[in-house]
Amino acid sequence: MTIRLDKLIASATVFTRSQAKAAIRKGKVKVNGETLTKSSQHIDEDAHVEYMGVTVTRPQLRYLMFNKPAGMVCANSDEQHPTVFDKLFLPRMDVLHVAGRLDIDTTGLVLITDDGQWQHRITSPKHAHQKIYKVDLAREITDKQIGILENGVQLKDEKDRCKPATVEKLAEKQIRLTIQEGKYHQVKRMLAAVGNHVTRLHREQIAHIKLDPDLEEGQWRGLTDKEIKL
Ligand code: URA
């Protein structure tokens, strides 16, 4: 794999991208012993890089899955509630972020990373990755409600209808719902819009990444290379 030289310098030092560009332009950066002055040049990710004679190593990017219990918020800090980060005990926690938040009362799969591009790819509506939820309901789900969800339900205060969802009826008051968007309180609003009400919500999957059944609530593990690949 290759990476742009200015991007590598910025991710491995305290330099901003423009400071990294300036350092490269001024001839302060060597790659495998050779001074390179073009920021846009792509170099091998494993190349030996030096800034003013000091070896620069890029920190390994981190990708985790966390089994979120109810009562925890998906924020880096919160004055009133425990956050998902309270369970991690990792260095440089300030650069880790949640890719696709859950509400405080929602349980299940949360992805956490310090790779901003990956975070963007997994959450951006453009990529439309599927999210799968197990949803407990206050009332029996009707065929009519399923039909509306599968055709694309209109949410209050939204201009466009939701994209068609997939609904699997698991029990009278329980469904598995697959959606491609991640609007604010989306699942709860979708069910409210068809006249039902969510009593429990649990995320099982995002894109091809499934919540590991061996993870107890409050536990996490690193993603495998296969899971990271989007
Ligand atoms: N939709 C919701 O309404 N809440 C969540 O936590 C996730 C999806």
Side-chain angles (χ1 to χ4, degrees), residues 64-78 80-88 96-113 118-141 145-146 148-171 173-212 215-220 223 230:
L64 330 171
M65 72 162 70
F66 178 69
N67 185 0
K68 179 188 167 306
M72 234 175 223
V73 292
C74 287
N76 284 66
S77 64
D78 190 278
Q80 282 162 25
H81 305 283
T83 84
V84 294
F85 293 96
D86 293 344
K87 290 279 182 186
L88 299 188
L96 285 169
H97 298 286
V98 167
R101 293 169 179 227
L102 291 179
D103 297 336
I104 187 165
D105 54 351
T106 303
T107 58
L109 178 64
V110 170
L111 299 175
I112 298 172
T113 185
W118 190 84
Q119 181 191 3
H120 177 73
R121 270 209 306 284
I122 205 125
T123 52
S124 132
K126 204 176 99 198
H127 292 93
H129 288 299
Q130 61 173 1
K131 289 124 200 137
I132 306 184
Y133 294 88
K134 197 192 258 185
V135 191
D136 287 335
L137 298 163
R139 293 175 276 284
E140 183 178 352
I141 187 93
Q145 290 173 354
I146 292 176
I148 300 171
L149 293 169
E150 289 190 330
N151 276 318
V153 58
Q154 178 67 53
L155 298 184
K156 248 177 110 190
D157 302 327
E158 293 284 345
K159 193 159 87 31
D160 299 320
R161 281 197 302 170
C162 291
K163 296 221 172 80
T166 306
V167 183
E168 183 189 349
K169 187 168 175 177
L170 302 173
K173 294 184 187 172
Q174 190 180 61
I175 57 171
R176 177 167 288 120
L177 181 73
T178 304
I179 58 174
Q180 290 165 40
E181 300 139 296
K183 296 188 170 91
Y184 182 64
H185 293 328
Q186 174 144 357
V187 175
K188 291 174 187 165
R189 289 163 70 208
M190 286 170 78
L191 270 301
V194 298
N196 212 314
H197 176 74
V198 173
T199 56
R200 268 184 57 188
L201 187 55
H202 177 79
R203 186 156 64 197
E204 299 180 324
Q205 189 172 335
I206 301 176
H208 62 291
I209 308 168
K210 293 186 177 152
L211 179 62
D212 188 331
L215 283 185
E216 309 253 332
E217 282 197 350
Q219 289 186 331
W220 63 273
L223 296 187
L230 285 176

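Heavy atoms only: backbone and side chains are in, while hydrogens, waters and symmetry mates are out. In each ligand, atom 1 is the first atom listed, and ligand 1 is the first ligand listed.
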| For ligand 1, the residues whose heavy atoms come within less than 4.0 Å (ordered by chain, then number) | L102, D103, T106, Y133, H185, Q186, V187, K188, L201
| Heavy-atom count around K87 NZ within 6.0 Å, excluding the residue itself: above 12? | no
| message | I need the minimum non-hydrogen distance between E140 and K173, along with the two atoms involved. | response | N-CG, 3.8 Å
Let me have the donor-acceptor pairs involving side chains of residues 194-207, under 3.5 Å, with sequence neighbours excluded, atom names and distances please.
unit_1	atom_1	unit_2	atom_2	d
N196	OD1	R139	N	3.2
N196	ND2	R139	O	3.0
N196	ND2	Q145	OE1	3.1
T199	OG1	D136	O	3.2
H202	ND1	T107	OG1	2.8
R203	NE	L109	O	2.9
R203	NH1	Y133	OH	3.2
R203	NH2	G100	O	2.7
R203	NH2	L109	O	3.0
E204	OE1	R176	NE	2.7
E204	OE2	R176	NH2	3.2
Q205	NE2	A207	O	2.9

| request: Run through K183, Q186, R189 and flag the one making a side-chain hydrogen bond (donor to acceptor under 3.5 Å, both in side chains) with E158. | output: R189
| remark: Smallest heavy-atom separation, G182 atom then K131 atom, equals N-NZ, 4.2 Å
| remark: Closest non-hydrogen atoms of Q119 and V98, given as atom of the first, atom of the second and distance, are NE2-O, 3.2 Å
